[in-house]
Amino acid sequence: MQSSGEAAVPMTATNGTFCSQSQRRYVLIAAILASALGFIDGSILAIAMPAIRIDLGASLAEAQWISNGYALTLSALILAGGAAGDRFGLRRAFVAGIMLFVAASLACALAPNAVVLIAFRALQGIGAAIMVPGSLAIIAKAYPKKERGRAIGIWAAASALTTALGPVLGGLVLSAFGGGIWRAIFAVNLPLGLISIYLLLFKVPADAPTEKRSLDLGGGALATLAFGALAYGLTSMSSSGEGHMAGPSIAAGAVLLVVFILFEQRRREPMIDLSLFRIGAFAGANVATFFLYFALSANLFYLPMLLIAGWGLSTAEVGFIFLPLSASIALLSGPVGQLSDRIGPRFPISCGSLVVAFAFAGLALLSHGGIHHFWTGTFPLMALMGLGMALVVSPLSTAIMTAVEDKDTGAASGINNAVSRIGGLIAVAAMGSLATWVYSRMLDTSIRPGIPGFGEPVSTGLPPELEATRLAASDMAFSAVSLTTAVLCLLAAIIAWMTVPGQALPWRRRREIDSPLPDR
């Protein structure tokens with residue numbers, strides 16, 4: 001057994017890893033626990049957001065930034081975080097990321113107001129940017145190739161279980177103990193993180209750095225500023241008194257994004273290898289990823305607000321909307337991945353994107369029609385969405401990996417991960433402004449300023465006629481969000497079909513063999 005102060009153990013020719021067989025299980029347990037930190041925070045936060053808004057008096061714009069403060073630093077720095085593991089050693093970087101994440105989580109649990117919570121959520125995202133890529137990378141480095149697939153499968157299954165059960169249990173706890181218990185969502189990270197750190201420092205040897213890669217902190221800073229300015233500009237549209245900042249902020253973000261691209265092109269070791277986007281299949285798969293995760297993030301963030309603050313459902317009920325997504329991905333990713341290997345990723349991605357588009361269009365129609373049936377309306381559509389995403393997730397990874405050379409698969413995977421998170425960041429900012437605009441126009445909040453904003457729970461009773469109008473406005477606001485995301489999913493299907501390679505479908509291949517086309 002080796003403590004943190006001992007020298008790093010290089011990989012040996014006998015086992016190809018940096019730790020013995022008896023120590024690998026500790027690596028796997030620590031990686032699973034660390035992954036659970038991010039999954040629990042991300043999924044339960046959407047359920048707890050109405051309670052947080054009441055407890056801290058947060059506006060919709062502040063609620064958006066409670067989510068986006070984390071998403072911004074994570075998406076902008078995740079590639080630099082992955083490089084840190086190569087430069088300093090995976091165990092050392094992984095432990096540092098967990099420590100920062102846990103410390104920021106504890107500060108989030110004690111936050112006295114929304115502004116402080118946003119600041120520590122951004123710090124939490126920096127920790128996650130180091131921790132998230134490290135969890136899978138350290139498993140790959142600890143296990144030899146012949147055992148790696150099984151270990152990653154266990155990690156993926158445990159991650160899916162955590163993602164599925166987290167919102168359900170969180171919703172039950174919030175319903176049972178009241179809104180103030182939301183602070184426990186962040187506090188629970190402390191014991192999980194400490195166990196992970198203990199296992200890594202005292203049960204696992206240190207690994208040797210693989211290469212002295214540049215961290216490209218300049219690129220990370222520019223990406224943070226660029227996406228931060230864009231998100232701020234989009235969020236400002238939904239914030240009363242800050243609408244005049246939207247145009248300048250979006251323009252500044254666009255300029256900074258161009259500067260970031262030019263900066264990366266001149267770097268010898270860039271954070272993002274932009275030359276990969278010259279590959280049509282890689283670029284198309286990433287555009288589809290952006291649209292799909294934009295749509296997914298927008299609906300999973302704003303739907304709980306509608307259900308809890310608008311329809312008056314309990315958090316215990318609403319927690320179940322995340323279950324079909326996680327369960328479908330856990331159960332179907334393996335078979336869908338095998339199908340993708342046989343027929344190529346084009347058909348599963350396009351078909352899955354269409355299914356998700358139908359699900360979100362269905363949510364838009366339900367909301368537009370004022371049909372408030374959760375178990376017979378909303379939940380089945382979320383199950384359909386989960387089926388569609390299960391058809392997409394594994395083939396998208398296949399499309400990304402097969403589009404590039406073997407030496408570029410790590411960079412390609414990291415870029416795709418960052419693209420999905422940037423999609424979520426922009427979605428929460430932009431769709432909040434759309435929802436606010438529709439809600440305000442229907443309710444005319446400028447005339448009746450005492451009416452709660454979109455997604456804000458009603459603290460005092462409203463006259464029945466006004467409450468009915470507020471509910472109809474909430475439905476229409478979410479309907480606009482869901483319809484917009486349905487269109488984006490349709491575009492993702494079209495782009496995937498046009499750019500992602502695919503083989504002929506089995507029944508088409510057989511028909512072509514039986515009835516070959518004549519020569520021309």
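- The side-chain heavy atoms of L391 and L332, taken from C-beta on, include no pair separated by under 4.5 Å.
- A donor-acceptor contact shorter than 3.5 Å links the side chain of T398 to the backbone of S394.
- A donor-acceptor contact shorter than 3.5 Å links the side chain of E264 to the backbone of I272.
- Nearest heavy-atom pair across P501 and P345 is O-CD, 3.3 Å.
- The distance from atom CG of L307 to atom CD1 of I47, rounded to the nearest 0.5 Å, is 8.5 Å.
- With S67 contributing its side chain and A63 its backbone, the two residues share no donor-acceptor pair below 3.5 Å.
- The side-chain heavy atoms of I98 and L33, taken from C-beta on, include no pair separated by under 4.5 Å.
- Listed by chain and number, the residues in a side-chain contact (heavy atoms from CB on, under 4.5 Å) with A36 are I40, T162 (sequence neighbours excluded).
- Between I321 and M382, the shortest heavy-atom contact is O-CE, 3.7 Å.
- In this structure, CG on L384 lies 12.5 Å from CE on M389, to the nearest 0.5 angstrom.
- By the 4.5 Å heavy-atom criterion applied to side chains, I52 and L45 are counted as neighbours.
- Judged by distance alone, with hydrogens and angles left aside, the side-chain atoms of S367 form no donor-acceptor pair with the main-chain N or O of A364 at under 3.5 Å.
- Of the possible polar contacts, one joining the S297 side chain to the Y293 backbone as a donor-acceptor pair under 3.5 Å is found.
- Below 30°, between 30° and 60°, or above 60°: for Y302 and F454 the angle between ring planes is between 30° and 60°, a tilted geometry.
- Closest approach of I349 and A496 over heavy atoms only: CG2-CB, 3.5 Å.
- Distance alone, capped at 3.5 Å, is enough to place a donor-acceptor pair between the T289 side chain and the A285 backbone.
- Judged by distance alone, with hydrogens and angles left aside, the side-chain atoms of S440 form no donor-acceptor pair with the main-chain N or O of W437 at under 3.5 Å.
- Counting heavy atoms from C-beta on, the side chains of S479 and V438 never come closer than 4.5 Å.
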Show me the side-chain donor-acceptor pairs of residues 425-432 shorter than 3.5 Å, one per line, residues at least two apart or across chains.
none

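- Note that CG of L471 is 12.5 Å distant from CE of M476, once rounded to the nearest 0.5 Å.
- Side-chain atoms of L325 and M385, non-hydrogen and from C-beta on, do get closer than 4.5 Å to each other.
- Under the 3.5 Å distance criterion, the side-chain polar atoms of Y70 are left unmatched by any main-chain donor or acceptor of Q124.
- Other residues, nucleotides and ligands contribute more than 12 heavy atoms inside 6.0 Å of the CZ atom of F379.
- In plain terms, the two heavy atoms of M49 and F301 that are nearest each other are CE-CE1, 4.0 Å.
- Residues T315 and G171 approach most closely at OG1-O, 2.9 Å, considering heavy atoms.
- If you take OG on S420 and CD1 on I415, they are separated by 12.0 Å, rounding to the nearest 0.5 Å.
- Here the CG-CD1 distance, from L72 to I422, works out to 9.5 Å after rounding to the nearest 0.5 Å.
- Scanning all heavy atoms of the two residues, the minimum distance from A151 to I139 falls at CB-CG2, 3.9 Å.
- Contact of the P133 side chain with the I78 side chain is registered, since non-hydrogen atoms from C-beta on lie closer than 4.5 Å.
- Checking side-chain atoms of S433 against main-chain N and O of L234 turns up a donor-acceptor pair under 3.5 Å.
- Between Y232 and W65, the ring planes are tilted. Angles from 30° to 60° get that label.
- Side-chain contact of N299 with S482: a donor-acceptor pair under 3.5 Å is present, judged by distance alone.
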